[in-house]
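Each ligand, and each atom within it, is numbered from 1 in the order the structure gives.
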Amino acid sequence: MTIEELAEIMKNNGISGAGGAGFPAYAKLNPNADTILLNCAECEPLLKVHRQVLKTYTFEILSGLNLIAKTIGAKQCIVAIKKSYRSTVAAIEAQLPAFPNIKIGILPEIYPAGDEVVTIYETTGRVVAPGSIPISEGCIVYNVETVLNVYNAVFRQQPVTHKYITVTGEVHTPATFRVPIGTSFEALIQLAGGASIDSYVILCGGPMTGTLAQNTDVVTKTTNALIVLPSNHPVIIQKQTNQTISEKRVMSACCQCRVCTDLCSRHLLGHPIEPHEIMRAMSSGKVVKPQAILNAAFCSGCGICEMFACPQSLHPRTLILALKAELRKNGIAVPKPEYSAPVNPQRDYRKVAKERLTARLGLTKYNTPAPLSEKDFHPKKVKILFSQHTGAPSIPNVQAGDSVAVGQVIAVPAENALSNTIHASINGKVLLVNKEFALIEEQKEA
Ligand code: SF4
Ligand code: SF4
């Protein structure tokens, strides 16, 4: 198979990164890569989905990885995983003799081991330069479920219609489910036995980088987890931060201790991001070092500075990401880094242990098993968004009143742009279509 043929299959089957920003998978294929990394770091507390999917579909995922590597001519594949995911590591080891170009790369039990810049450093020793992408170091990084989707598309002709999601926290039966894309969060919480408390807030994604969500929000190709937490839980209060109040608090309480910079995951790799310098400029109103402000572009948004490091409970990540968005909005390009320092020799002593982070966030009591459920779920309705990936939204090709079947294309990639294909996730009738989504109601076969 050629790279172009594989890219076409990925695009026609709607394969985007099954997590993070949902980068269309076809756009990552590059013949300059010598290494393909399978990211099974799952470094955020409470998330379990990747290791479960990899343990269950080991052969399929390693075959998908092998196919990608062979197609682009990469020399090696590395499964980046933590030792503590013992049963998944054992399942991989059992299959490795059939895949001589695949090896296991053990990651430390830290956060954010799954930030691809950190994953690449920990498994290959290569440092992706500030503002660069993995291919600059000869690497392509794919998420576990993305590669399963590649296998399903190539060997089973199945497009992306479903998603694996861990539902945990204050629910009666924490578990990981496979559900049609477009399922409402309310239905997912009911699948997990319903909320176990009255006053709760839903977090979509991990506690560090996830966002607050509503019952009416729906599953997309990037949804990995729903965490149901009490509305007064510290993680929820942190996420409800008001930016103006955060700015005022920095002015009154930032003591310039620089712990945020000392523990910053990107700074420790030599990237020129120094959150304390940005906080200093914000608190004094004086920009003594303009480059320090521009370096906000190199923040990964991992959240260590505000969820773990800052002794004053300030919000450097929130403010830096707002600044980064403002720079982008005003057309200020990512600066050429003033310097790329060597990896900090203190890095090994400043890594954030995941267990410690879980305790610090007040989440240890929710770190319970959430096994992969065998239940097949058939929602009555799904709302399928046309913007589930990085790039331009897909263009609908169905109308209200049309009958659609699972796997049928309902939106095509935008022309001449980074975009992707979207498929129906249930058999049903299209009730409504607009530029943003299609609403499909289940229709049972006669
Ligand atoms: S850790 Fe907090 S108090 Fe210390 S410099 Fe950073 S923002 Fe300021
Ligand atoms: S969120 Fe904070 S710790 Fe993480 S990269 Fe950005 S500045 Fe550094």
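Looking at M279 against ligand 1, only its side chain comes within 4.0 Å, counting heavy atoms.
Of all heavy-atom pairs spanning A296 and I273, the tightest one is CA-CD1, 4.1 Å.
Using a cut-off of 4.0 Å between Lys/Arg side-chain N and Asp/Glu carboxylate O, E122 and R347 are scored as salt-bridged. Using a cut-off of 4.0 Å between Lys/Arg side-chain N and Asp/Glu carboxylate O, R317 and E306 are scored as salt-bridged. Under 4.0 Å is where a charged nitrogen must lie from a carboxylate oxygen, and between E44 and K354 no such pair does. A salt bridge does not link R86 to E93: none of the charged nitrogens lies less than 4.0 Å from a carboxylate oxygen. Salt-bridge formation is detected for the pair E170/K365: a Lys NZ or Arg NE/NH1/NH2 atom is positioned less than 4.0 Å from an Asp or Glu carboxylate oxygen.
Applying the side chain to side chain contact (heavy atoms under 4.5 Å, CB included) rule to N12 yields the partners E8; only residues at least two apart in sequence or on another chain are considered. Residues passing the side chain to side chain contact (heavy atoms under 4.5 Å, CB included) test with Q243 are E247, L319, A322, sequence neighbours excluded.
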Would you tabulate the side-chain donor-acceptor contacts of residues 15-30 under 3.5 Å, counting partners in other chains and residues two or more places apart, or write 'none'?
| residue | atom | partner | partner atom | Å |
| --- | --- | --- | --- | --- |
| S16 | OG | N420 | ND2 | 2.8 |
| Y26 | OH | S419 | N | 3.2 |
| Y26 | OH | S419 | O | 2.9 |
| K28 | NZ | V141 | O | 2.5 |
| N30 | OD1 | N32 | N | 2.8 |
| N30 | OD1 | N32 | ND2 | 3.3 |

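The distance from ligand 1 to the heavy atoms of C255 drops below 4.0 Å at these ligand atoms: 3 (S). Within the listing of ligand 2, atoms 1 (S), 6 (Fe) sit less than 4.0 angstrom from a heavy atom of G301. Near P311, meaning under 4.0 Å from any of its heavy atoms, are these atoms of ligand 1: 1 (S). Close contacts of ligand 1 with Q312, meaning ligand atoms under 4.0 Å from a residue heavy atom, involve 3 (S). Against a heavy-atom cut-off of under 4.0 Å, C254 is close to the following atoms of ligand 1: 3 (S), 5 (S), 7 (S), 8 (Fe). For ligand 1, the atoms sitting less than 4.0 Å from at least one non-hydrogen atom of H276 are 5 (S), numbered in the order shown with element in parentheses.
The distance cut-off of 2.8 Å around atom 8 (Fe) of ligand 2 captures these protein N, O or S atoms, sorted by chain and number: C264 SG.
C310 SG, 2.4 Å is the protein heavy atom nearest to atom 2 (Fe) of ligand 1. Among all non-hydrogen protein atoms, the one lying nearest atom 5 (S) of ligand 1 is R258 N, 3.3 Å. Nearest protein neighbour of atom 1 (S) of ligand 2, counting heavy atoms only, is G303 N, 3.2 Å. Of the protein's non-hydrogen atoms, the one nearest atom 4 (Fe) of ligand 1 is C257 SG, 2.3 Å.
Relative orientation of the Y151 and F59 rings is perpendicular, given thresholds of 30° and 60° on the angle between their planes.
In this model, no donor atom of one side chain and acceptor atom of the other lie less than 3.5 Å apart for S246 and T318.
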